[in-house]
Number of protein chains: 2
Amino acid sequence: MYDRAVSDPEAGLSAEQLGAYFALVEVGSLLQYAVDEHLRADGDLSYVQFQILARLTDAPDGRLRMTDLADGVVYSRSGLTYQAGLLVNRGLITRAPSPDDERSVIVTVTDAGRALVAHVLPGHVERVQQLLFAPLSGDDVTAFGAVLGRIREHMRAVPPRSAKPRAARRKAG
Amino acid sequence: MYDRAVSDPEAGLSAEQLGAYFALVEVGSLLQYAVDEHLRADGDLSYVQFQILARLTDAPDGRLRMTDLADGVVYSRSGLTYQAGLLVNRGLITRAPSPDDERSVIVTVTDAGRALVAHVLPGHVERVQQLLFAPLSGDDVTAFGAVLGRIREHMRAVPPRSAKPRAARRKAG
DNA sequence: TATTGTTATACTCTATAACTATA
DNA sequence: TATAGTTATAGAGTATAACAATA
């Protein structure tokens with residue numbers, strides 16, 4: 001890769017860090033690509049749509065507020081509204097105002113939505129297995145997962161994305 | 001995450017694998033997001049554009065063929081043409097037909113392009129350092145990089161993306 | 001006044017197919 | 001006939017801002 005440009009000693013990344021960074025970017029990109037392709041072909045779903053459905057499938061009663069979904073799926077609010085609209089049109093989820101808080105909208109997976117997740121899941125998992133884990137030993141997975149978990153926690157300590165735009169906007173004008 | 005839905009024993013991912021997978025997706029996404037944001041703010045560059053410039057900066061004489069760029073940057077040919085067009089408009093690269101093979105186009109970084117990379121690089125590396133490596137020990141980085149490298153090699157053994165569309169199309173019709 | 005969500009809109013990016021030109 | 005690249009075009013996705021409604 002562009003090692004010479006980036007591993008300038010001044011810049012502050014060792015050759016080893018650099019290699020890990022590039023590998024992470026490439027692996028993440030390739031995995032994303034493969035998984036996306038499968039979900040699209042097998043269920044006509046984008047990865048984001050799959051995430052929404054899967055999260056709902058896991059939630060108690062298959063229900064979550066829009067805000068809760070947005071926090072997990074990384075989206076802007078309008079982006080989530082857009083995606084949710086697509087899923088509603090396909091009968092995979094429903095939206096209804098919350099009884100508790102009339103401002104909120106409760107999203108619920110339909111049976112069709114659950115069925116689609118179930119349909120797509122085996123192939124999804126298979127791809128992950130074959131692409132990501134096939135070349136790794138059990139110990140590798142343990143070590144890899146541990147480090148990633150640590151990084152994730154560290155990153156989470158930093159600002160959340162969906163919160164910033166709205167909150168920051170109001171101050172700036 | 002959607003553990004219940006995905007960790008179905010039938011499906012074939014252990015809880016540990018699942019955790020690693022989710023962590024990878026989240027870390028990759030967060031890192032991408034942060035880095036993208038910085039490149040955009042500091043240099044008005046998308047990550048892809050930055051990759052193109054950085055790869056050229058590293059190449060001998062700062063020159064590469066379009067095809068070589070496409071292979072590395074994961075793009076469809078038309079997508080690369082589009083991005084290259086943007087960079088040409090900004091004076092960051094130039095395009096010229098290859099003397100060797102008149103079909104080919106040689107892309108070259110301009111001084112302005114090199115300057116922009118140099119301008120953006122410190123901040124870019126800083127983000128990676130702070131977000132990705134800050135919570136890791138030297139040993140962590142070593143282990144992490146080793147596993148990622150193995151995965152990457154494994155993934156590379158699988159089909160390349162930019163090659164498929166064109167090659168597959170001709171057979172299908 | 002703050003929060004939840006939608007809508008309108010504009011823009012970026014990507015992919016497909018058709019096309020040109022060279023090998 | 002195969003390869004390199006461009007163009008036209010259409011579609012998906014995203015972000016911003018303005019908006020309505022509830023707390």
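Chain naming here is simple, since letters A, B, ... match the order of the sequence lines and numbering starts at 1 in each. The figures that follow rest on heavy atoms only: side chains count, while hydrogens, waters and symmetry mates do not. Keep in mind the model is a prediction, meaning the values are calculated, not measured.
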Checklist entry - For Arg65(B) and Ser78(A), take the nucleotide of DNA chain D holding the closest heavy atom to each; which residue's nucleotide lies nearer the 5' end? => result Arg65(B)
Next on the checklist: I need the CZ-C1' distance between Arg77(B) and dA17(C), as an integer number of Å.
Outcome noted: 14 Å
Next on the checklist: Tell me every residue that passes salt bridge (Lys or Arg N to Asp or Glu O under 4.0 Å) with Asp42(A), counting only those two or more places apart in sequence or in another chain.
Outcome noted: none
Next on the checklist: Any salt bridge linking Asp140(A) with Arg150(B)? Criterion: basic side-chain nitrogen under 4.0 Å from a carboxylate oxygen.
Outcome noted: yes
Item to check | Ring centres under 6.0 angstrom apart (His124(A), Tyr21(B)) | outcome: yes
Item to check | Test side-chain contact (heavy atoms from CB on, under 4.5 Å) applied to Glu16(B) - qualifying residues, sequence neighbours left out | outcome: Val141(A), Thr142(A), Ser14(B)
Next on the checklist: Nearest whole Å is fine: how far is dA15(C) P from Tyr33(A) OH?
Outcome noted: 6 Å
Checklist entry - Rounded to whole angstrom units, what separation is found between the CE atom of Met66(B) and the C1' atom of dT22(C)? => result 16 Å
Next on the checklist: Can you list, by chain and residue number, the hydrophobic cluster partners of Tyr82(B) when the side-chain cut-off is 4.5 Å?
Outcome noted: Leu86(B)
Item to check | Charged N-O contact under 4.0 Å between Arg40(B) and Asp36(B) | outcome: yes
Check: protein-nucleotides 11-13 of chain C nitrogen or oxygen pairs below 3.5 Å:
from: dC13(C); atom 1: OP1; to: Arg40(B); atom 2: NH1; distance (Å): 3.3

Item to check | Distance below 4.0 Å between Thr81(B) side-chain N/O and dG5(D) OP1 or OP2 | outcome: no
Checklist entry - Taking only residues two or more places apart in sequence, or in another chain, which ones meet Ala96(B) in a side-chain contact (heavy atoms from CB on, under 4.5 Å)? => result none
Item to check | Ion pair Arg65(A)/Asp101(A), N-O distance below 4.0 Å | outcome: no
Next on the checklist: Nearest whole Å is fine: how far is dA12(D) C1' from Leu39(A) CG?
Outcome noted: 16 Å
Item to check | Members of residues 90-110 of chain B that approach DNA chain C, where some heavy atom sits under 4.0 Å away | outcome: Asp101(B), Glu102(B), Arg103(B)
